[in-house]
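A short write-up of the structure that comes next.
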Amino acid sequence: SLSFPLSFSSFSMMGSGSSSSGRPSPAPAAAAAAKGGDQPEAAAPECDSRLPFSNFRELFTLKNYWKTVKRNDTQCGKTMLAKFLSEKPDNKALYSKLGKINGIPDASCSDPAFEAVAAAYLKVFDDVITAVEEKPADVQQACDRLSNVGKMHRAKVSGMDSAAFQAMEGPFLFMIQEILQDRFNEKAETLFRKFFQFCLKYLIEGFNK
């Protein structure tokens, strides 16, 4: 079947009191500045050049958006797969597990096979985000995961070509928009489009090996 096996913190400090001369003591920040300035903020982690993000903040923002997906993972997976099949109905034939479902299932479908395939799709993206988050400076594990998914499809899905991976971009972004609602803006779309293209590159590389 065609399925993917695919902090910040801040302080506020207030002090009171008086010196022996009766004048208020300097605020902590001013005292620190008098001694040579505040401590520098911790440097943001470096990002692997293979990632499509210009800095760690973009990755951090993507991860925060993705938390909403994870909290609604079952519905998100079904929304994405249903949209994909509605746009490419002929691809349903590639899913042997969906053979007993009449017509094209929608996002409300509760058939166990449909839910299993949908969950497998979403898990690939979640695995990649998790791997990248754990090691943003070395994303080889994420690349290998995607490449292996591509290889699996080449070996096990008869009649499939790599265009099927590209065809998932629209449904993937549709799913993000549906779950984020008012939070889905140009920034969110750009970040997730970049992320999908990163995934697509290594899926296709694996498929073509």
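Quick caveat: nothing in here was measured; it's all calculated off a predicted structure.
Ring geometry for F172 against F196 counts as tilted: the plane angle lies between 30° and 60°, on a 0 to 90° scale. The aromatic rings of Y65 and F192 are tilted relative to each other, their planes meeting at an angle between 30° and 60°. Ring geometry for Y95 against F84 counts as perpendicular: the plane angle is over 60°, on a 0 to 90° scale with 30° as the lower cut. Taking the six-membered ring where tryptophan is involved, the planes of F56 and F60 are tilted, since the angle between them lies from 30° to 60°.
One hydrophobic cluster, built from ILVMFWY side chains closer than 4.5 Å, holds both L146 and M160. Hydrophobic clustering keeps L122 apart from F174 (ILVMFWY residues linked when any side-chain heavy atoms are closer than 4.5 Å, directly or through intermediates). Clustering ILVMFWY residues whenever any of their side-chain heavy atoms sit less than 4.5 angstrom apart, transitively, puts F125 in the very cluster that holds I204.
Contact of the Q140 side chain with the C143 side chain is registered, since non-hydrogen atoms from C-beta on lie closer than 4.5 Å. The side-chain heavy atoms of V149 and F207, taken from C-beta on, include no pair separated by under 4.5 Å. At a threshold of 4.5 Å between non-hydrogen side-chain atoms, the residues C199 and V128 count as touching. In this structure, the side chains of D138 and R50 come closer than 4.5 Å at one or more pairs of heavy atoms. Annotation: side chain of T190 is not in contact with side chain of K187 (no heavy-atom distance under 4.5 Å).
Ion pair D73/K78 not flagged as a salt bridge, since none of the NZ, NE, NH1 or NH2 atoms sits closer than 4.0 Å to an Asp/Glu carboxylate oxygen. A salt bridge is absent between E205 and K209: the closest approach of a Lys/Arg side-chain nitrogen to an acidic carboxylate oxygen does not fall below 4.0 angstrom. Ion pairing of E58 with K194 is present here, as a side-chain N (NZ or NE/NH1/NH2) and a carboxylate O approach within less than 4.0 Å.
With sequence neighbours excluded, no residue satisfies salt bridge (Lys or Arg N to Asp or Glu O under 4.0 Å) with K151. Taking E133 as the reference, K63 meet the salt bridge (Lys or Arg N to Asp or Glu O under 4.0 Å) condition, with sequence neighbours excluded.
Using modelled atom types, one side-chain atom of D111 and one backbone atom of F114 make a donor-acceptor pair closer than 3.5 Å. A donor-acceptor distance shorter than 3.5 angstrom exists from the side chain of T130 to the backbone of D126, with no hydrogens or angles considered. Of the possible polar contacts, none joining the D48 side chain to the P136 backbone as a donor-acceptor pair under 3.5 Å is found. Listed for the S147 side chain is no donor-acceptor partner under 3.5 Å among the backbone atoms of D144.
Counting only N and O atoms by type, the side chains of Q166 and E169 include a donor and acceptor under 3.5 Å apart. Between the side chains of T68 and R183, at least one donor N or O lies within less than 3.5 Å of an accepting N or O. E189 and N185 form no side-chain donor-acceptor contact under 3.5 Å, judged by distance and modelled atom types alone.
Dense packing is recorded around CD of Q75, with more than 12 heavy atoms of other residues, nucleotides or ligands lying under 6.0 Å away. For Q181, the CD atom sits in a packed shell: over 12 heavy atoms of surrounding residues, nucleotides or ligands are nearer than 6.0 Å.
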The test is side-chain contact (heavy atoms from CB on, under 4.5 Å); show your working for L85 and L98 and say whether it passes.
CA-CA 11 Å; L85 294 176; L98 305 185; 3.9 Å; yes
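Summarising the geometry of K92 relative to N102, their closest heavy-atom pair is NZ-C, 4.1 Å, with the distance given to 0.1 Å.
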